[in-house]
Amino acid sequence: MKNKIRVRFAPSPTGPLHIGGLRTALYNYLFAKKNNGTFILRIEDTDKKRLIKNSKKYIIDSLKWCKIKYDEGYKKKGKYGPYIQSKRLNIYKKYLKILIKKKLVYFCFDNKKDIIKYKKKYKNFLYNSLTRKKLKNTLNKKKIFIKKKFKKYVIRIKTPKNKNIIFYDKIYGKIKINTNKIDDKIIYRSDKTPTYHFANVIDDYLMNITHIIRGKEWIYSTPIHIIIYNYFKWKIPIYIHLPLILNNKKQKISKRNFNIKKNIFPIYPIKSKYKNLKIKNSYEEIGILPESLLNKLLLLGFYSNKINNNILNLKQMIKLFTFKNVNKSDIIFNYKKLCWINKIYIKNNKVKIIKKIFILLINKIKKKKKYIKYNNIKINKIINLILNRIKLINIKNIWNVCKYFFKKPDKYVINKNLKKKIINFKTKILFYLLKINFFYIKKKKINLFKKIKKINKKYIIIIFKILRISIIGNLKGINIIYIFKILNNKEIINRINIFIIKNKKLFTNTKFRKNII
RNA sequence: AGCCCAUUAGUCUAUUGGUUAGGACGUCAGAUUUUCAUUCUGGAAAGAGGGGUUCAAUUCCCCUAUGGGCUACCA
């Protein structure tokens with residue numbers, strides 16, 4: 001029987017998880033689910049110096065937000081625990097001893113200064129079979145001037161001499177690297193903790209990991225891992241390296257402030273209460289939904305003939321997922337496409353989204369007394385009106401689209417053309433505005449727009465525009481008829497009158513008229 | 001500097017030894033709309049360059065260029 005597929009996502013808590021890591025997690029998750037396998041979360045925290053507080057929590061919170069559930073791992077039960085490397089140090093020691101016994105590793109006494117010297121002395125200096133016997137270590141029998149007990153040392157793995165390490169990556173295909181071109185990597189630090197290369201291999205073996213899915217930056221370290229597997233005579237897992245995600249300047253993504261004009265996009269999924277993580281922007285805050293973000297992350301370098309319009313939910317992603325359809329080249333992240341996906345998602349999931357917006361709006365209105373209050377039915381009507389105008393689900397965005405339902409405009413944006421037209425037809429227009437007022441006072445709401453449409457065509461456009469400006473402050477936005485249906489009569493009359501009073505000059509002052517013309 | 005990897009429009013990508021090189025986002029134009037948004041219709045836009053192999057190359061091979069990764073007591 002086939003072994004069950006087991007994959008792991010193994011972030012190190014040296015900072016908050018960003019979209020690169022999240023993509024790796026997603027691909028691991030999809031591959032596991034597709035093949036009925038197990039998805040494991042392992043925390044790789046062997047580097048004490050670089051640990052950042054709360055980043056473990058952030059990683060877990062991010063996965064939760066995205067609804068990527070792991071079957072085994074940190075903070076969860078499982079046969080293969082502990083799933084955090086700092087609690088596995090004894091295990092690593094045990095396996096280290098085996099390598100020491102077999103003399104496949106050696107103790108090395110060089111400090112940083114020594115290595116800098118070597119690098120100056122020898123071009124492209126490497127610690128390997130060609131050089132190691134000349135340097136300060138336990139293999140150099142002539143020059144052991146320091147005994148282990150008294151001096152700091154690290155443990156390096158012996159790389160074989162002039163051997164081609166070949167492996168077949170599921171995405172990149174055959175990769176060949178000669179051992180003369182790689183270092184005798186440090187597998188144990190002088191503080192007696194294992195480095196990534198060692199802990200990672202031991203854990204993957206002990207946890208029965210069958211497929212290693214990780215970023216492309218690991219390709220060149222893979223031979224070291226293979227050498228370790230070979231020394232233990234363990235079965236080598238299948239390697240799958242993922243292309244990197246780049247920003248629009250073709251750089252590896254890094255911490256950046258959000259700026260849509262410069263095409264700088266956020267790299268963190270969620271906001272965090274932990275200030276030390278220094279997260280200034282996140283997709284959660286901006287208003288990208290987790291479903292959209294995952295959809296976009298899947299499409300980075302992925303294609304399928306079966307995708308009609310790029311929009312996939314998690315179930316569909318699992319169904320379609322295969323590494324055969326992942327491209328090799330690095331990917332520039334297209335933020336605008338993400339926004340488009342988000343927009344489509346909003347459109348396709350109206351009910352869910354309406355709830356979200358509802359809560360945001362109610363909270364906003366509650367806070368301030370001066371805002372007009374509506375009952376839930378009307379709030380729902382408002383949300384339906386703004387729904388196809390929203391790409392991002394955040395309160396700022398939503399408020400900008402619909403604030404005029406709740407308060408009078410702060411200012412009026414009138415262009416010169418419109419001003420000219422108002423001045424030219426001022427008496428007529430004023431007449432109609434007052435007429436509208438009159439209708440409203442008489443509560444003849446229903447007939448209003450029919451009446452307006454009977455007006456000479458010359459004036460209709462101008463009147464609509466003036467109404468729009470007086471009610472919402474500018475010329476863009478929801479159909480004014482719908483706005484009239486939501487606002488109450490008093491409010492409408494009030495706003496029109498305020499507009500007339502505040503723009504008296506347009507209707508009366510002849511000096512102003514001269515200036516304009 | 002050495003090694004590894006990649007290269008189809010602005011971006012993500014499809015297909016193919018013979019195609020008008022297809023799609024999506026973006027962009028531009030038109031229609032709808034009192035306006036904006038939505039929606040619809042249409043347009044512009046690509047095989048990095050140079051050599052081979054071949055009747056025929058974007059596709060196969062080589063070189064160059066460009067981009068990226070690794071060369072840490074980081075992962």
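Chain naming here is simple, since letters A, B, ... match the order of the sequence lines and numbering starts at 1 in each. Hydrogens, waters and symmetry mates play no part in the numbers below; they use all other heavy atoms, side chains included.
- Counting any heavy atom pair closer than 4.0 Å across all strands shown, A:Leu126 reaches sugar-phosphate atoms only and no base atom.
- Using a 4.0 Å heavy-atom criterion, one finds that A:Gly301 contacts the sugar-phosphate atoms exclusively.
- When the C1' atom is compared between B:U15 and B:C5, the two are found 24 Å apart, to the nearest whole Å.
- Nucleotides B:A21 and B:A37 are separated by 35 Å at their C1' atoms, to the nearest Å.
- Using a 4.0 Å heavy-atom cutoff across all strands shown, A:Ser329 reaches sugar-phosphate atoms only and no base atom.
- In the set B:G26, B:C73, B:G69, B:C73 carries the atom at the smallest distance from any side-chain atom of A:Ile186.
- Considering only side-chain atoms of A:Ile177, the nucleotide from B:C4, B:C73, B:U38 that sits closest is B:C4.
- Aromatic ring centres of A:Tyr95 and A:Phe198 lie farther apart than the 6.0 Å criterion allows.
- Going from the C1' atom of B:A48 to that of B:G68 covers 16 Å, rounded to whole Å.
- A distance below 6.0 Å separates the ring centres of A:Phe265 and A:Phe333.
- When the C1' atom is used for both B:A14 and B:U19, the distance is 13 Å, rounded to whole Å.
- Counting non-hydrogen atoms under 4.0 angstrom, A:Asp47 reaches the backbone sugars and phosphates but no base.
- Out of B:C5, B:A72, B:C12, the shortest distance to the side chain of A:Lys216 is found at B:C5.
- Residue-level contact check: A:Thr46 touches the backbone only, with heavy atoms under 4.0 Å from sugar-phosphate atoms and none from bases.
- You'll find that the side chain of A:Tyr220 is closest to B:G69, out of B:C73, B:G69, B:A24.
- As rounded to whole Å, 11 Å separates atom C1' of B:U8 from atom CG of A:Asn327.
- Counting any heavy atom pair closer than 4.0 Å across all strands shown, A:Lys112 reaches no nucleic acid atom.
- For A:Ile175, taking side-chain heavy atoms from C-beta onward, the closest of the listed nucleotides B:C70, B:G10, B:C5 is B:C5.
- With C1' as the reference atom, B:G43 and B:U59 are 29 Å apart, rounded to whole Å.
- When distances are taken from the side chain of A:Tyr303 to each of B:U15, B:G2, B:U39, the shortest belongs to B:U15.
- Across all strands, A:Lys119 comes closer than 4.0 Å only to sugar-phosphate atoms, never to a base (heavy-atom distances).
- Comparing the C1' positions of B:C12 and B:U20 gives a spacing of 24 Å, expressed to the nearest Å.
- Looking at heavy-atom distances under 4.0 Å, A:Leu244 makes contact with sugar-phosphate atoms alone, never a base.
- Of the candidate nucleotides B:C25, B:C73, B:G68, B:C25 has the atom lying nearest to any side-chain atom of A:Asn334.
- For A:Tyr345 and A:Asn313, the side-chain atoms include no donor-acceptor pair closer than 3.5 Å.
- Checked by atom type, the side-chain pair A:Ser329/A:Asn327 shows no donor-acceptor distance below 3.5 Å.
- For A:Ile332, the side-chain atoms get nearest to B:C12 when compared with the rest of B:C74, B:G69, B:C12.
- Considering only the side chain of A:Arg468, B:U35 comes nearest among B:G69, B:U35, B:U11.
- Under the 3.5 Å distance criterion, the side-chain polar atoms of A:Thr46 are left unmatched by any main-chain donor or acceptor of A:Thr195.
- Side-chain rings of A:Trp218 and A:Tyr239 stay apart, their centers remaining 6.0 Å or farther from each other.
- Between B:A6 and B:C63, the distance separating the two P atoms is 14 Å to the nearest Å.
- Listed nucleotides: B:U39, B:U34, B:C5. Nearest to the side chain of A:Lys343: B:U39.
- Taking the P atoms as reference points, B:U7 lies 10 Å from B:U13, given to the whole Å.
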